[in-house]
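Please read the structure below before turning to the comments.
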2 protein chains.
Amino acid sequence: MASLSKADVDEQVASLLREKGHRYSNTRRMLVRVLLTAEKPLTNNQIVESHDSLAQSSVYRNLNVLEEVGAVTRIVTNNEFSRYELADGLTEHHHHIICTSCGDITDFSLPLTLEKSLNQSLRTAASKVRFTIDQHRFDGLGTCVACQ
Amino acid sequence: MASLSKADVDEQVASLLREKGHRYSNTRRMLVRVLLTAEKPLTNNQIVESHDSLAQSSVYRNLNVLEEVGAVTRIVTNNEFSRYELADGLTEHHHHIICTSCGDITDFSLPLTLEKSLNQSLRTAASKVRFTIDQHRFDGLGTCVACQ
DNA sequence: CGCAATAATGATAATCATTCTCATTTTTGA
DNA sequence: TCAAAAATGAGAATGATTATCATTATTGCG
């Protein structure tokens, strides 16, 4: 789901962090690399296990920091584990098909015209109830091959 | 968000429960009544506090049962509280605008044509990765008036 | 009717993903 | 080179949700 090079992503993330007084530490670089390489959103544990120099508490803490500055998006489905992916702007805008049984997630995209209509409808509805919209999500919920 | 009468909903829920060997107990009737009356998805605590004869553990347990039989949908946003609403089929299909700050949720609907296009795109994508789709969700994420 | 058998209840204990704490280490900028 | 500020990591704490289990309600059958 990468649309920018590793270098571009690094630069963007570094700038997002610096704007809020954070540093782009080695741990954070590692998280970004893992998420950039992954072809689907990962749980904290999946990330921790991908490198043996990552402490669980640091991964949680840093994913939160990265989420705060807008570099990472957290996906919550059921009440098991959260999953994390690089935020819109660092990857191509996309949507998810989620297995409600095992939590596995696959990415997909909508035609641009559909995406635009959706945005328009959403913004109209939001203004009526005086919400400010930051992002949207469109998820298909179902069962993956392994679980059915 | 009601599209059926209380009596119709009761009948549907009773049948959904019976199909799986569950009873439509007083507690469950009460939950359905509260959700049917509510104009937005409610947290467990909001439901518990709405009647003083509802035990917290029973509400959690029964919302799970109602979710299993397809009468109630659980909405998870951040990692605070889950919220619950009557499932599609018992209410009109709709979507949510969610405040990422306080968790408050407002309902809205999409034009039918858009809804159909969405479904079609989703199903096409799902079949490629061999997922079976049960439902979809389209949520706007942002900030409500109170929180901005 | 009684009367098992099965399900539901509710108070409380247990679970477990996530967050917090804090002493130590690293980085920054003057 | 040196404080000040930030990050780290191991372990403790938190808190929404789930599990336990003795008690109570409901069902269906003879």
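These figures come from a predicted structure and were not determined experimentally. The sequence lines fix the lettering, A, B, ..., with proteins before strands; numbering per chain opens at 1.
- A sub-4.0 Å separation between OP1 or OP2 of C:dA17 and a side-chain N or O of A:Ser82 is absent.
- In this structure, A:Asn64 places its CG atom 15 Å from C1' of D:dT8, rounding to the nearest Å.
- For the pair A:Asn44 CG and C:dC16 P, the computed distance is 16 Å after rounding to whole Å.
- At a threshold of 4.0 angstrom between heavy atoms, the contacts of A:Phe81 are confined to the sugar-phosphate backbone, with no base atom among them.
- Atoms CZ (A:Arg29) and C1' (C:dT27) sit 12 Å apart, rounded to a whole Å.
- Distance CD (B:Glu80) to C1' (C:dT18): 13 Å, rounded to an integer number of Å.
- With B:Leu86 as the partner, the side chain to side chain contact (heavy atoms under 4.5 Å, CB included) test is satisfied by one option alone out of B:Leu31, B:Leu36, B:Leu66: B:Leu36.
- Distance, B:Glu68 CD to D:dT18 P: 10 Å, rounded to whole Å.
- With 3.5 Å as the limit, one finds no donor-acceptor pair spanning the side chains of A:Glu85 and A:Thr73.
- Taking atom CD1 of B:Ile75 as the reference point, atom P of D:dT17 lies 13 Å away to the nearest angstrom.
- A salt bridge does not link B:Arg33 to B:Asp10: none of the charged nitrogens lies less than 4.0 Å from a carboxylate oxygen.
- The six-membered or imidazole ring of B:His136 lies near that of A:Phe138, with a centre-to-centre distance under 6.0 Å.
- For the pair A:Arg29 and A:Tyr24, the cation-pi criterion (under 6.0 Å, within 45° of the ring axis) is fulfilled.
- The minimum heavy-atom distance between B:Gly89 and B:Leu4, with the atom names listed, is O-CD1, 3.6 Å.
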Output one line per pair: protein atom, nucleotide atom from nucleotides 4-10 of chain C, and distance, for all N/O pairs under 3.5 Å.
from, atom 1, to, atom 2, distance (Å)
C:dT6, O2, B:Arg23, NH2, 3.1
C:dA7, O4', B:Arg23, NH1, 3.4
C:dA7, O4', B:Arg23, NH2, 3.2
C:dA8, OP1, B:Arg23, N, 3.0
C:dA8, OP1, B:Arg28, NH1, 2.4
C:dA8, OP1, B:Arg28, NH2, 3.2
C:dT9, OP1, B:Ser25, OG, 2.9
C:dT9, OP1, B:Thr27, OG1, 2.5
C:dT9, OP2, B:Asn62, OD1, 3.2
C:dT9, OP2, B:Asn62, ND2, 3.0
C:dG10, OP2, B:Ser58, OG, 3.1
C:dG10, N7, B:Arg61, NH2, 2.5

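- For the pair B:Tyr60 OH and C:dT12 P, the interatomic distance rounds to 17 Å; values are reported in whole Å.
- No contact: A:Asn45 has no heavy atom under 4.0 Å from any strand.
- Nucleic acid contact for B:Arg18: none, since no nucleic acid atom lies under 4.0 Å from a heavy atom of the residue.
- Formation of a donor-acceptor pair under 3.5 Å by the A:Glu49 side chain with backbone atoms of A:Gln46 is not found in this model.
- Protein atom CG of A:Leu17 is 16 Å distant from nucleotide atom C1' of D:dA5, rounded to whole Å.
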